[in-house]
Amino acid sequence: MPVELNTQAQFAAFVDEVARELGTHCRTAPDYDHILSRLIIDDEGRALSLRQYDGAQPTRLKVSAAVQDGSRVRIGVTASSARHVAQEVTRRLYPLHAQAARRAAELTGRDDSEAHDRRTVTRPWPASCPEPTSRRTTASPK
């Protein structure tokens, strides 16, 4: 049976319970982006945002986590119980987050490598160019 999540106090208590289900080192904090939302900071330093996104369906939650490249991964979950939400986060969100983090690290590494290659190519360029000489052009007689 879905949990009643109509007030901030009910939502905060529910998210505290989800945090306990996720692990002993998880803590919660306010999330000021939305009326009914809270953050869970897990033991790996991830900030998970739990948000009720539709007042007409108070049991539907969006859970998201930021990736270091600025993107976010998100899942939708029914707030049937704190244990259910924690299981869905563990089963679905964490693997998505890990995959996105790996992809972001690969892209960052590739960008760093390309920037290094560009610096390597352009650094010797001025030294290899001959000194500019002024050219005098003379008009040819007609």
Next on the checklist: Taking the cut-offs as 6.0 angstrom to the six-membered ring centre and 45 degrees off its axis, would you call Arg46 and Tyr94 a cation-pi pair?
Outcome noted: yes

Item to check | Considering all heavy atoms, the nearest Ser37-Gln8 contact | outcome: O-NE2, 3.9 Å

Checklist entry - Would Tyr53 and Val73 show up in the same hydrophobic cluster when neighbours are defined by side-chain heavy atoms closer than 4.5 Å? => result no

Next on the checklist: A side-chain contact here means heavy atoms from C-beta on lying under 4.5 Å apart; do Leu48 and Leu22 qualify?
Outcome noted: yes

Item to check | Non-hydrogen side-chain atoms of Val85 and Phe14 separated by less than 4.5 Å | outcome: yes

Checklist entry - Would you say the side-chain atoms of His25 pair up with the backbone N or O of Asp42, donor to acceptor, closer than 3.5 Å? => result no

Item to check | Hphob cluster co-occupancy, Ile75 + Val18, side-chain heavy atoms under 4.5 angstrom | outcome: yes

Next on the checklist: Please tell me whether Leu39 and Leu50 are part of a single hydrophobic cluster in this structure, the criterion being side-chain heavy atoms less than 4.5 Å apart.
Outcome noted: no

Next on the checklist: Given 3.5 Å as the limit, does a donor-acceptor pair link the side chain of Glu88 with the main chain of His84, or not?
Outcome noted: no

Next on the checklist: Could you check whether atom CZ of Arg72 has more than 12 heavy atoms from other residues, nucleotides or ligands sitting under 6.0 Å from it?
Outcome noted: yes

Checklist entry - How many angstroms lie between atom CD of Glu17 and atom OG1 of Thr28, to the nearest 0.5 angstrom? => result 12.0 Å

Next on the checklist: Treating Arg92 as the side-chain partner and Gly76 as the backbone partner, does any N or O pair qualify as donor plus acceptor under 3.5 Å?
Outcome noted: yes

Checklist entry - About how many Å separate CG of Leu61 and CZ of Arg74, when rounded to the nearest 0.5 Å? => result 14.5 Å

Checklist entry - Hey, does Leu5 have a side-chain heavy atom less than 4.5 Å from the side chain of Leu36? => result no

Checklist entry - Just by distance, do the side chain of Gln10 and the backbone of Thr7 share a donor-acceptor pair under 3.5 Å? => result yes

Checklist entry - Between Gln68 and Ala105, which heavy-atom pair has the shortest distance, and what is it? => result NE2-N, 4.2 Å

Item to check | Verdict with reasoning, Asp16 to Arg38, per side-chain contact (heavy atoms from CB on, under 4.5 Å) | outcome: CA-CA 9 Å; Asp16 288 343; Arg38 297 270 301 161; 4.1 Å; yes

Checklist outcome for this item: Heavy atoms of Cys26 and Ala19 approach each other most closely as CB-O, 3.5 Å

Next on the checklist: Salt bridge or not between Glu106 and Arg103? Use side-chain N to carboxylate O under 4.0 Å.
Outcome noted: no

Next on the checklist: Treating Gln52 as the side-chain partner and Pro58 as the backbone partner, does any N or O pair qualify as donor plus acceptor under 3.5 Å?
Outcome noted: yes

Checklist entry - Quick one: do Val15 and Ile41 end up in the same hydrophobic cluster if we chain Ile, Leu, Val, Met, Phe, Trp and Tyr together by side-chain heavy atoms under 4.5 Å apart? => result no

Checklist entry - Would a distance-only check, ignoring hydrogens and angles, find a side-chain to backbone donor-acceptor pair under 3.5 Å from Ser71 to Val67? => result no

Next on the checklist: How long is the straight-line distance from NE2 of His97 back to CD of Glu44, given to the nearest 0.5 Å?
Outcome noted: 9.0 Å

Item to check | Nearest-0.5 Å distance that lies between atom CD in Glu21 and atom CZ in Arg83 | outcome: 4.5 Å

Item to check | Heavy-atom side-chain contact between Arg27 and Ile40 under 4.5 Å | outcome: no

